[in-house]
Amino acid sequence: MNTTGRAAAPIYDRLIAERGDVVAVAALTAEETRREVAAVLDFGFSSTGGETDEDG
């Protein structure tokens, strides 16, 4: 029995066809928002330690 593959879900597949993949759209929107926030709220922390450029 192969449990790693996606099981048949005709109702879910039909909903996606009719309404779109809301989960995928939400994930994409969340990632875009995360990138925008990261660009706007750049506090000057390094990606490795959390020290500011001024701490050097």
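Bear in mind the structure is a predicted one, so any value in this text is a computation, not a measurement. Counting begins at 1 with the first residue of the sequence.
Within a 6.0 Å sphere centred on CD1 of I11, other residues, nucleotides and ligands contribute 12 heavy atoms or fewer.
Remark: R35 pairs with E31 by the side-chain hydrogen bond (donor to acceptor under 3.5 Å, both in side chains) rule, at least two apart or across chains.
V25 and V22 fall into different hydrophobic clusters, where Ile, Leu, Val, Met, Phe, Trp and Tyr residues are linked whenever their side-chain heavy atoms come under 4.5 Å apart, directly or through other members.
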